[in-house]
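Everything on this sheet refers to the single structure shown next.
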Amino acid sequence: MTVILTPPSPALRLLVSLASWTWPATGPDGREIAHILFAHTPPLTGPDTNEAVEARIRRLSDSLGGLSGPREVVPEIDRCLQIVGDQVLMHFPGASRRLRLPSRRSWTELVARNGEAVLLLGLDSLPQIADAVQLDAYLDAALAAERLLFGRARTR
């Protein structure tokens, strides 16, 4: 008897609780590459423990095949990005819908040109209304505390 284990699909409720940000940045090789951050938004009602938020984000990572920490080899996630006109959609295996990413035309063109983007999953909550300064502070703190998971999201 053979048993095939498949990663659990993310619940729609989890996907709609995510906030996302996109931006271009220079990669380690000096070329420009698109970046995507997903983080869980703080709950509107009731306390949500850090452990519960982290567990949900790790389940999301598992659905993508498992993302890596900052000191590990970054895995590739094939065909999870789809470009439709000026929009970029993110597909999570097992999810019935794709998430539309916030983007500008230049960012979409960068994804189309490179065929990939750096995907970051934040293990801590971040409000959807976070501005660039708050986002930078979140990324700096999360990277220093190893609270980010990394992957390379690909269009093909």
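Numbering starts at 1 and runs along the sequence shown.
Scanning both residues, A34 and E116, for their nearest heavy atoms gives CB-O, 4.3 Å. Here the closest heavy-atom approach between residue P24 and residue L110 is recorded as CB-CD2, 3.7 Å. Closest heavy-atom contact between S68 and P75: OG-CD, 3.5 Å.
Under the salt bridge (charged side-chain N to carboxylate O under 4.0 Å, His left out) criterion, D78 pairs with R154, sequence neighbours left out. By the ring-ring contact (aromatic ring centres under 6.0 Å, His included) test, Y138 is found to be paired with no residue, residues two or more places apart in sequence or in another chain being considered.
Residues L126 and T41 form no side-chain contact, since every pair of their non-hydrogen atoms from C-beta on lies 4.5 Å or further apart. Contact annotation: the side chain of E146 never approaches that of L123 to less than 4.5 Å [non-hydrogen atoms, C-beta and beyond]. Taking the side chain as every heavy atom from C-beta outward, L37 and L135 approach each other to under 4.5 Å. Between I33 and H35, some side-chain heavy-atom pair lies under the 4.5 Å cut-off. Here the side chains of M90 and R98 are not in contact, with every heavy-atom distance at 4.5 Å or above. Here the side chains of V73 and F150 are not in contact, with every heavy-atom distance at 4.5 Å or above.
No hydrogens or angles considered: nothing links the side chains of T22 and S103 as a donor-acceptor pair under 3.5 Å. No side-chain donor from either of R79 and H91 sits under 3.5 Å from a side-chain acceptor of the other.
The only option from L101, L119, L89 that meets the side chain to side chain contact (heavy atoms under 4.5 Å, CB included) definition with L81 turns out to be L101. When I57, I77, L60 are each tested for a side chain to side chain contact (heavy atoms under 4.5 Å, CB included) with L67, only one passes: I77.
There is a path of hydrophobic side-chain contacts, each under 4.5 Å, that joins V88 to L64. Residues W21 and V111 do not share a hydrophobic cluster, defined by chaining ILVMFWY side chains whose heavy atoms lie under 4.5 Å apart. When the side chains of ILVMFWY residues are joined at heavy-atom separations under 4.5 Å, either directly or via intervening members, F38 and V118 end up in two distinct hydrophobic clusters.
Note that the CD1 atom of I36 and the OG atom of S20 stand 8.5 Å from one another [nearest 0.5 Å]. Rounding to the nearest 0.5 Å gives a distance of 11.5 Å between SG of C80 and CZ of R152. With values rounded to the nearest 0.5 angstrom, E72 atom CD is found 8.5 Å from L149 atom CG.
A distance-only check finds a donor-acceptor pair linking the side chain of Q134 to the backbone of D131 [under 3.5 Å]. Counting only distance, with no hydrogens or angles, the side chain of T108 and the backbone of D86 share a donor-acceptor pair below 3.5 Å. With hydrogens and angles ignored, the 3.5 Å screen pairs no side-chain donor or acceptor of D124 with any backbone N or O of L148. Judged by distance alone, the side chain of S63 and the main-chain N or O of F92 form no donor-acceptor pair under 3.5 Å.
Using a 4.0 Å cut-off between charged nitrogen and carboxylate oxygen, R58 and E54 count as a salt-bridge pair.
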